[in-house]
J.: 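First the structure, then my questions, so here it is.
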Amino acid sequence: EPYWRLPAKTVIDTVAAANSDGGRLNREDALRAAAKDNIRKYVVGDPIGFTALGFRKAQRMWLGYTGGTHGEGHAPIKLYHLLIVVIGMVGLVAGIALRRGRAPELWVVSIAVLALTAMNVILVSEARHNLPLIPVLVAGGVAGLASVIAQRRGPPEASSGPSDERLDEPLDAATAH
């Protein structure tokens with residue numbers, strides 16, 4: 001059976017058994033020992049490799065698009081996906097930078113994107129995991145780009161609104177009573 005079809009329980013039980021110290025550790029302690037060993041071996045022992053792994057997983061999540069059941073990719077769809085992601089991320093960063101960090105609505109979007117990305121870097125990273133956030137990323141990116149465009153245009157000019165002399169007049173005969 002392919003490794004990607006293994007049930008999670010089978011994998012966890014195998015890791016626990018391999019780290020049970022000859023049966024002296026219970027399941028939870030064996031899993032904790034395995035986690036500590038992995039942190040020591042990968043995070044502390046090879047921080048550059050671990051960081052590179054994190055970047056590859058983030059890249060897998062955001063730069064690929066989900067190809068559906070059969071995973072067939074199509075260049076135009078991938079290009080469209082990359083365009084959406086890049087414009088969204090550039091808009092977010094530009095909007096936050098332009099407003100010198102005082103953009104709470106853009107920070108909310110950014111934190112959501114970063115949190116989901118971090119979860120995928122730690123757990124299993126797949127392109128389909130970005131799907132719930134694509135509309136949020138687009139909205140945040142457009143809001144950020146709108147901030148940039150508004151800033152470049154400068155402050156709005158004073159408009160000539162309705163004249164003060166007409167404010168006291170009734171709108172129509174029905175409102176005159």
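The model shown is predicted, which means the values in this text are computed figures rather than measured ones. Only this structure's heavy atoms are used, side chains among them; waters, hydrogens and symmetry mates stay out.
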J.: In Å and rounded to the nearest 0.5 Å, what is the CG to CZ distance from L131 to R128?
T.: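 Rounded to the nearest 0.5 Å, the CG-CZ separation comes to 9.0 Å.
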J.: Work out which heavy atom in V148 is nearest to a heavy atom in A94; give both atom names and the distance.
T.: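 Residues V148 and A94, closest heavy atoms: CG2-CB, 3.8 Å.
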J.: Given D37 and R40, is the side chain to side chain contact (heavy atoms under 4.5 Å, CB included) satisfied, shown in steps?
T.: CA-CA 5 Å; D37 185 48; R40 197 171 21 261; 4.2 Å; yes
J.: Using the rule that Ile, Leu, Val, Met, Phe, Trp and Tyr join whenever any side-chain heavy atoms are under 4.5 Å apart, tell me whether W107 and V109 fall into a single cluster.
T.: yes
J.: Report yes if the side chains of I122 and M119 come closer than 4.5 Å at any heavy-atom pair, otherwise no.
T.: no
J.: Quick one: does I134's side chain get under 4.5 Å of W62's, heavy atoms only?
T.: yes
J.: Is Y65 linked to V86 within one hydrophobic cluster, defined over Ile, Leu, Val, Met, Phe, Trp and Tyr using a side-chain heavy-atom separation of less than 4.5 Å?
T.: no
J.: If hydrophobic clusters are built from ILVMFWY residues whose side chains come within less than 4.5 Å, do Y80 and V85 share one?
T.: yes
J.: Answer yes or no: is there a side-chain heavy-atom contact under 4.5 Å between R56 and L53?
T.: yes
J.: Would you confirm whether N120, through its side chain, and T117, through its main-chain N or O, come within 3.5 Å as a donor-acceptor pair?
T.: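 Checking the backbone N and O of T117 against the side chain of N120, no donor-acceptor pair under 3.5 Å is found.
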J.: How close do H129 and P132 get, counting heavy atoms only, and between which atoms?
T.: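 Looking at all heavy atoms of both residues, the shortest contact is O-CD, 3.5 Å.
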J.: Would you kindly confirm whether I96 and L116 end up in one hydrophobic cluster when ILVMFWY residues are joined by side chain heavy atoms under 4.5 Å apart?
T.: yes
J.: If you count every heavy atom of other residues, nucleotides or ligands that lies below 6.0 Å from I48 atom CD1, does the total exceed 12?
T.: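 Incorrect, the count does not exceed 12.
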J.: Please report the C-alpha distance between D13 and R27 in whole Å, then the side-chain angles of each, then the deciding distance to 0.1 Å, and finally whether the salt bridge (Lys or Arg N to Asp or Glu O under 4.0 Å) criterion is met.
T.: CA-CA 8 Å; D13 289 345; R27 184 175 189 266; 3.1 Å; yes
J.: Locate the shortest heavy-atom distance separating A30 from A16; write the atom from each residue and the value.
T.: CB-O, 3.3 Å
J.: Any non-hydrogen side-chain atom of V113 less than 4.5 Å from a side-chain atom of V136?
T.: no
J.: Does a side-chain heavy-atom distance below 4.5 Å link L92 with M89?
T.: no
J.: Do L106 and L133 share a hydrophobic cluster (ILVMFWY, side-chain heavy atoms under 4.5 Å, transitive)?
T.: yes
J.: Working to the nearest 0.5 Å, report the span between CE of M61 and OG of S125.
T.: 6.5 Å
J.: Atom NE2 of H81 and atom NE2 of H74: how far apart are they, to the nearest 0.5 Å?
T.: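 Spacing of NE2 (H81) from NE2 (H74) equals 14.5 Å.
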J.: Does the D21 side chain pair with the main chain of R24, one donor and one acceptor, at a distance under 3.5 Å?
T.: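 The answer is no, because no donor-acceptor pair under 3.5 Å joins these two groups.
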J.: Report yes or no: does T10 contribute a side-chain atom to a donor-acceptor pair with the main-chain N or O of L6 at less than 3.5 Å?
T.: no
J.: Out of curiosity, N19 CG to R32 CZ, how far, rounded to the nearest 0.5 Å?
T.: 12.5 Å
J.: If you look at every heavy atom in L25 and A33, which pair is closest and at what distance?
T.: CD1-CB, 4.3 Å
J.: Passes salt bridge (Lys or Arg N to Asp or Glu O under 4.0 Å), E126 versus K57? Steps please.
T.: CA-CA 8 Å; E126 295 183 17; K57 290 178 86 172; over 6 Å; no
J.: To the nearest 0.5 angstrom, please state how far the CD1 atom of I39 sits from the NZ atom of K41.
T.: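 Separation between the atoms: 13.0 Å.
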J.: Quick check: closest heavy atoms across G64 and A127, and the distance to 0.1 Å?
T.: O-CB, 3.4 Å
J.: At what distance, to the nearest 0.5 angstrom, does CZ of F50 lie from CG of D46?
T.: 10.0 Å
